[in-house]
Amino acid sequence: MVEILETIRASISSGLKGEVRIPGDKSISHRALILGSLTIGETTVDGLLDSEDVLSTANAICALGAKVDIKRPGICTIKGVGVGGFKEPDNIIDCGNSGTSARLLLGAVSSNPIKVTFTGDGSLRKRPMDRVVVPLTKFGATFSCNFGNKLPINVVGSDQSIPIRYELPVPSAQVKSAILLAGLNARGRTTVVEREDTRDHTEKMLKAFGANVIIDKKEQFSEISVDGFPRLKPVRINVPGDISSASFPIAAACMVPGSEISIRHVGINPLRDGFIDTLVEMGAKIKVMNRQHNAGELIADIKVTYSPHLKGLEVPAGRAARMIDEYPILSMVAATANGPTIMKGIRELRYKESDRIESIEKGLQDSGIDVTASEDTLIVNGSGQKSIKGGCQINAYNDHRIAMSFTCLGLASEKAIQINGANSIHTSFPNFVDLMHSIGACITISKNKA
Ligand code: S3P
């Protein structure tokens, strides 16, 4: 197969305008597929994200015995096999670029008595898996893998899984979810202890499917428990727009003079909305309107107006879990703000699709911005009234959020920014370029053979 390399060129734009809808939430889409596969009966998902990462999960659950039928774009049904009903797949399961697929599925299969091999692309094979392998081993599953617990990993699931109690050493919704999914096929109550709250889509959705989930919030930590062997019943899941994807047009509208955009039907789960709070503290003109509950998730419409007087600030470490995927795009906004923005407690960014602290640091330096990084902190000294130079080429390091972030910066830079290796955008937001065109962004995309 000939590999095609996509290159984006983002140039100064004037007045982004319009009303858009963002594709479905990636985290919720993965969970809807996995929980649908553990249900007896037919689950319907409305608004499923149609992206490469979600397709990796869909292919995986099919290999494990479920049936996924995409009726029309965004609407799909899943015929599940029930808790404990996964069959041994005929082939290796390839999770592509998707850490969520790999970690959640490792959890889901590890309490089933089957052998499965998981792998992924070059980026995913470098990411740490010991964070799930360690707790899942306690259920009785065995894992064999290369040095450092990285993919490819062979799992032999346990047929007599023992429920566990596990305190997360790093705040991670993926690890929490892997453990809760494994706990579904363990005899008794599995408990995850979190010192910092992380996105709770798995807990919410497990409840919607009929599992007994108990959440006990103490002063210093929370305990999230699930009882094993539930009979999950099919439900209809409505997937809201992904706030992490929405962060790109939101940031672009803040940075591009004359902009005014509205984004409809975005998920604003309180454990995901740290980016909005941070922008508002920086002085961004953002209105969150029409809040309503939809199947346990909070959704709203967001209006954003060009915000010329943004000021840098300190983003506390305690906020990191609520906006972990938004630091790349926040760094772009910080580059246009007055004064330094200090982002603390963000070491986890080093283990994402790329080492995001390094990717942001290099890209911003190339764009003419003063930036310093340490192991877990990033300081961006905003250019304030001076414009961003741009006129550079950025390596996206096969990381969708780095590619989209620098595209947005290019819209507010003096000279165009070229983003090499923008293919990764297909993993989470395939219509990103079209959507940005629809609000007036000056972006061109070229495709060349590798
Ligand atoms: C996700 C959790 C986060 C996030 C990722 C999606 C999820 O990862 O960065 O994009 O769907 O649970 P961690 O759990 O590793 O923080």
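Indexing begins at 1, ligand by ligand and atom by atom, following the structure's order.
A salt bridge between Arg401 and Glu326 is absent, with no side-chain N of the basic residue lying under 4.0 Å from a carboxylate O of the acidic one.
Considering only non-hydrogen atoms, atom 12 (O) of ligand 1 lies nearest to Arg31 out of Lys26, Met323, Arg31. Evaluated by nearest non-hydrogen atom to atom 16 (O) of ligand 1, the leading choice among Lys352, Gln174, Glu353 is Lys352.
At a heavy-atom cutoff of 4.0 Å, ligand 1 is contacted by the side chain of Arg199 but not by its backbone.
In terms of polar-atom proximity, defined here as any N/O pair under 3.5 Å, Ser172 does make such a contact with ligand 1.
Annotation: Lys87, atom NZ; neighbour count of heavy atoms from other residues, nucleotides and ligands within 6.0 Å is above 12.
The distance from ligand 1 to the heavy atoms of Ile324 drops below 4.0 Å at these ligand atoms: 9 (O). The distance from ligand 1 to the heavy atoms of Ala173 drops below 4.0 Å at these ligand atoms: 12 (O), 14 (O).
Side-chain contact between Arg31 and Ser27: present, with at least one pair of heavy atoms (C-beta onward) separated by less than 4.5 Å.
Relative to the ring axis of Tyr351, Arg131 places its NZ or CZ within 45° and under 6.0 Å from the centre.
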*asked:* Under the criterion side chain to side chain contact (heavy atoms under 4.5 Å, CB included), I'd like the reasoning laid out for Glu203 against Leu180: C-alpha separation, chi angles, the key distance, then a yes or no.
replied: CA-CA 8 Å; Glu203 299 89 299; Leu180 295 175; 4.1 Å; yes

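The closest protein non-hydrogen atom to atom 10 (O) of ligand 1 is Asp325 OD2, 2.8 Å.
We find the OG1-CG distance between Thr341 and Asn381 to be 8.5 Å, quoted to the nearest 0.5 Å.
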